[in-house]
Amino acid sequence: MVPREPVFTLVPIISGDGSFLVLNGRNWIMSYNHQEIEKKWQQYWNENETYKMTDDPSKPKFYALDMFPYPSGAGLHVGHPLGYIATDILSQFKRKQGYNVLHPMGWDAFGLPAEQYALDTGNDPAEFTAKNIATFKRQMNELGFSYDWSREINTTDPQYYKWTQWIFIQLYKRGLAYIDEVAVNWCPALGTVLANEEVIDGKSERGGHPVERRPMRQWVLRITEYADRLLEDLDDLDWPDSLKDMQRNWIGRSEGAQLTFSLDGSDQSFDVFTTRPDTIFGATYAVLAPEHKLVEKITTADQQEAVAAYLDKVKLKSDLERTDLAKEKTGVFTGSYAVNPASGEKMPIWIADYVLVSYGTGAIMAVPAHDERDYEFAKEFNLPIREVVAGGNVDEEAYTGDGKHVNSGFLDGLEKDEAITKSIEWLESAGKGEKKVTYRLRDWLFSRQRYWGEPIPIIHWEDGTMTPVDESELPLELPKTTNIRPSGTGESPLANIDEWVNVTDPETGMKGRRETNTMPQWAGSCWYYLRYIDPNNSETLIDPKLAERWLPVDIYVGGAEHAVLHLLYARFWHKVLYDIGVVQTKEPFQKLFNQGMILGEGNVKMSKSLGNVINPDDIVHSHGADTLRVYEMFMGPLDASKEWSTNGLDGARKFLDRIWRLFVNEDGTLGSKIGGEAGGALEKVYNQTVKKVTDDFEHMHNNTAISQLMVFINECYKADRVPTAYAEGFVLLLSPIAPHFAEELWSKLGHNGSITYVQWPEYDEDKLVDDTVEIAVQINGKVRAKIMVAKDITKEELEKEALANEEVRKWTDGKELKKVIAIPGRLVNIVAVD
RNA sequence: GCGGGUGUGGCGGAAUUGGCAGACGCGCUAGACUUAGGAUCUAGUGCCUUCGGGCGUGGGGGUUCAAGUCCCUUCACCCGCACCA
């Protein structure tokens, strides 16, 4: 839906100087020419390098960061700028408050869509990406963002990914990057492996293609080694609670015990993980995941057929089916038995897909009386259920609550916590188990079999060893090629480029082959916020002195979709860089904010198929960038999802026009109401406005800041004079939101140069309240009268005034006054009964 | 199922520590200027009313002089995770 063309764009410009009159029927209405003004100031900022940040250590620093975009072919849509506008407002606000503001932008430009597009069209992904970046940058500039483009970074630039590769080598050297044979999410359509997080309901996050499990040799990063630190350090971050909880759940720390079960009649054994070692006496059977290594070995001849059939069935189930049809428990008996280390009893060993191979040890002891899943399974297959914790009715359902232990030998009579401690002590002394912490978080699958990513800087030698590429040889550049088709075998297209893949050690003459896998898209975005600080350093990733001055990021704004992927990975890398002394802060992003989504009219997602996508280019053309900025901020709280409304957009433009008509006469000169000394009718509302807007910007409550600016303008219309100081202060308050418009008004007010670094206005606390204030008087909690009293009236006087009021007496006459609560500056409440 | 969040006029949304519910905007109504209005300016606009007032922040209960705000309970919707032992 294309927004209705507002009336002010339909007509010829007849007066220069920023104003223009629009012909509406037969009347001339003054409006402002956003196209001319916005272009003029964008050019000015560019020519004067207004937003170029020169580090000035004498000033306090402020680092305002946006999540940099993937430059897709579609360009920006109106949802994108929401967060960008917010950080831009904060940056402009802080500049005026005397901060040295770092506000950069860049491009997360590696990744599947460009490669997919290149495959489909035969274009070079690099060319295609460059074109998209140019579009994004034009759009951002047209929205008036105050980015310091001299710090622009691009993850596909060899001078950038040189350092991405350098970090990989450091990870490798510290044993945090390793190759493992893992069952991976192989996506045949994309020809690559995907991380768990990139698979949604058994389909690829990008493209929605089916994904299957396949064992492969892959690079993996040992993020689990940092699990505890990633968890603990969340506590001190100023992030939304929901987001912190998502990360906590994702890491999924779980304390319990690992214990060993030996096989009956065999010297083999297997380990299980449990959070309830205290229920060991209630373990009546054991379950292995279908993919468990031991399955083949322990299946007896009798059960061979049944087990094979079950394994086939499980393999055919997609991930989606395995989780979605979850309620029904399936499984098969292996024929073998394990020995319960506590009771010495024989426990049948089953295979069931409700046990996941990737969590814990891939095997469990089943305690049906006290675990819902085991209970269901036991009911399904008629396995014994033995109560070991009193308090429930195990004939009816599993009892997971606390209670005294029964049927549990040395644990009898103990409560849950004591029993857990004691059972672990016993296991350890008996050599049958130990205390253990397990995480839901898995190591990070880091290889992609794609062309369009950072080459992993490793060489595999013919003698079977591997070494990282020497750091002096970085960047290891991605070779140009015309064939970027996946090989289909699981190797990346790089494998086909002989002159790139094959290497010979110049000293020993040993032959080797380069790693052909590339890094996932997350790699480049893991550390880009560091490079902005020192973008052109060819010696090191970042100058340690600059890192110390500028970190952590003061405000990081982006979508909630990155809650667990990007943000967890970036925190992980940052901690590694902290450990090797590159940075001095434990965490990269001290404060984080998730902006909400902008939905199409009717509260539905904007999408091409619905045809309801709003293109910011259209709005910039019809209403202007300043209007778009005002509107998006005025829609509601930054973190809420909001519905796009064309009427609301028109309202934002009307507000700007209203300001224009106040500040500028029809002939383009300064508005005739503007002038004179401070004070007068607007004094109070002006000071209130400065206070509220300052406060609101600090907390990113931009919607209420705008409403206060509207209040001020409404008051100006009622006043017959707007003092110059107030007019100037107002323009400063408005300037972070509507920068072009404010610059133009600033020059109308007689100033040369940009408003960007003009000192932020101050307010006078004494002018916020009148000498006399209105106080509401309640009788029994209902407002019955309002009285005017001196602002510094005492409690006693206030009470007296209230009781003397005629209107109040109507309600209190003939009644007994039980109590009078008088709070100066607030209200009076009289409790009266008959 | 678990975790987090949200429920306020016709609509988007405001409301320090509990202290005048509905700021501001949209929409709507009336008036002014007009041959004309999708412009502009002014005024009005929570609901009901016998015009005294009564009722109102998803529902029910509670604490309090006073509750959108605190407590208990319940319903609806949104987001994330989901057989994690």
Side-chain angles (χ1 to χ4, degrees), chain A residues 4 6-8 22-31 240-246 248-250 252 254 256 272-276 279 287 322-329 352-356 358-367 370-374 376-377 438-442 560-561 563-564 594 597 631 634-637 639-652 654-655 657-658 661 695 701 703-711 713-714 717-718 774-786 818-821 823 825-832:
Chain A
R4 192 178 70 226
V7 75
F8 32 77
V22 298
L23 185 58
N24 208 337
R26 284 173 32 186
N27 292 354
W28 294 102
I29 304 296
M30 193 170 54
S31 186
D241 285 337
S242 62
L243 202 150
K244 287 205 235 181
D245 272 329
M246 276 159 86
R248 287 190 188 108
N249 291 340
W250 193 263
S254 157
V272 305
F273 173 75
T274 178
T275 53
R276 294 294 302 275
T279 60
V287 186
R322 239 179 115 160
T323 53
D324 225 37
L325 302 175
K327 297 309 136 209
E328 199 140 315
K329 295 278 184 290
D353 65 357
Y354 83 90
V355 173
L356 308 176
S358 47
Y359 184 76
T361 61
I364 63 157
M365 67 175 204
V367 185
H370 305 289
D371 181 283
E372 279 158 27
R373 296 150 298 179
D374 297 344
E376 275 178 42
F377 191 80
T438 297
Y439 302 91
R440 184 182 168 279
L441 179 74
R442 324 272 159 76
E561 67 273 19
V564 283
N594 287 129
M597 270 198 304
Y631 174 58
F634 189 60
M635 290 174 89
D639 55 357
S641 290
K642 295 154 285 224
E643 181 184 351
W644 182 266
S645 148
T646 304
N647 278 338
L649 180 71
D650 287 343
K654 267 158 77 175
F655 172 54
D657 271 335
R658 211 165 136 77
R661 284 192 301 271
D695 224 53
H701 296 161
N703 54 330
T704 49
I706 292 168
S707 98
Q708 184 62 40
L709 292 171
M710 288 171 169
V711 168
I713 289 300
N714 289 345
Y717 264 78
K718 288 177 196 154
E774 189 186 62
I775 295 288
V777 182
Q778 299 180 333
I779 286 102
N780 296 332
K782 289 190 168 54
V783 179
R784 298 298 183 187
K786 294 187 175 175
K818 277 273 197 195
K819 195 171 185 179
V820 179
I821 295 103
I823 302 161
R826 291 210 196 278
L827 52 47
V828 178
N829 191 10
I830 299 162
V831 186

Would you mind classifying the nucleic acid contact of A:Tyr717 as base, sugar-phosphate or nothing, using non-hydrogen atoms under 4.0 angstrom?
-> sugar-phosphate
Can you tell me the pairing partner of B:rU42 across any strand shown, Watson-Crick or G-U wobble, with both distances under 3.5 angstrom?
-> B:rA30
Quick one: does A:Asn594's side chain have a donor or acceptor within less than 3.5 Å of a partner on A:Asp639's backbone?
-> no
Base, sugar-phosphate alone, or nothing: which one does A:Asp374 contact when heavy atoms must sit under 4.0 Å apart?
-> nothing
Proximity to the side chain of A:Gln778 - top-ranked nucleotide from B:rC41, B:rA23, B:rC20 | B:rC20
Going by the angle between their ring planes, with limits at 30° and 60°, are A:Trp644 and A:Tyr631 parallel, tilted or perpendicular?
-> perpendicular
In the structure shown, which nucleotide is the Watson-Crick or G-U wobble counterpart of B:rG1, with both distances under 3.5 Å?
-> B:rC81
Within less than 4.0 Å of OP1 or OP2 of B:rC65, is there a side-chain N or O belonging to A:Lys819?
-> yes
Under 4.0 Å between any heavy atoms, over every strand shown, what does A:Lys782 touch: base, sugar-phosphate, or nothing? Just pick one.
-> sugar-phosphate
Atom CZ of A:Arg658 and atom P of B:rU42 are separated, to the nearest Å, by 6 Å
With sequence neighbours left out, what residues match A:Asp371 under salt bridge (charged side-chain N to carboxylate O under 4.0 Å, His left out)?
-> A:Arg373
Is A:Ser254 touching bases, backbone alone, or none of the nucleic acid, heavy atoms closer than 4.0 Å?
-> sugar-phosphate
Report yes or no: is the cationic atom of A:Lys329 (NZ for Lys, CZ for Arg) closer than 6.0 Å to the six-membered ring centre of A:Phe377, at no more than 45° off its axis?
-> no
Contact class for A:Ser707 vs. all strands (heavy atom < 4.0 Å): base, sugar-phosphate, or nothing?
-> base
What nucleic acid atoms does A:Pro240 come within less than 4.0 Å of, heavy atoms only: base, sugar-phosphate, or nothing?
-> nothing
Rounded to whole angstrom units, what separation is found between the CG atom of A:Asn829 and the C1' atom of B:rG18?
-> 13 Å
Spacing of A:Asn703 atom CG relative to B:rG22 atom C1', expressed in whole Å | 15 Å
Any A:Arg440 side-chain N or O less than 4.0 Å from OP1/OP2 of B:rA82 | yes
Atom CG of A:Asp695 and atom C1' of B:rA14 are separated, to the nearest Å, by 15 Å
Do A:Asn647 and B:rC26 have a side chain to base donor-acceptor pair shorter than 3.5 Å?
-> no
Atom-to-atom span, CG of A:Asn249 to P of B:rC81 - whole angstrom | 10 Å
Given that both distances must come in under 3.5 Å, which nucleotide forms a Watson-Crick or G-U wobble pair with B:rA21?
-> none
For B:rG25, does OP1 or OP2 lie under 4.0 Å from any side-chain N or O of A:Asn714?
-> yes
Give a yes or no on this: more than 12 heavy atoms of other residues, nucleotides or ligands lie within 6.0 Å of atom CD of A:Glu561.
-> yes
Name the orientation of the base relative to the sugar in B:rG52: syn if the glycosidic angle is within 90° of 0, else anti.
-> syn
Return yes if some donor-acceptor pair links the side-chain N/O of A:Asn829 with the main-chain N/O of A:Ile821 below 3.5 Å, else return no.
-> no
Please work out if A:Lys818 contacts a base, only the sugar-phosphate, or nothing of the nucleic acid, heavy-atom cut-off 4.0 Å.
-> nothing
Which label fits B:rG61, syn or anti, where anti is any glycosidic angle not within 90° of 0?
-> anti
Check the distance between B:rC11's P and A:Tyr631's OH and give it to me in whole angstrom.
-> 16 Å
Using a cut-off of 4.0 Å on non-hydrogen atoms, how would the nucleic acid contact of A:Glu774 be classed: base, sugar-phosphate, or nothing?
-> base
Scanning all shown strands, the Watson-Crick or wobble mate of B:rU69 with both distances under 3.5 Å is none
Any donor-acceptor N/O pair under 3.5 Å between B:rC83 base and A:Lys329 side chain = yes
What's the CD1-P distance between A:Ile713 and B:rG25, to the nearest Å?
-> 11 Å
Once you round it to whole Å, what is the distance between C1' of B:rC20 and CG of A:Asn780?
-> 16 Å
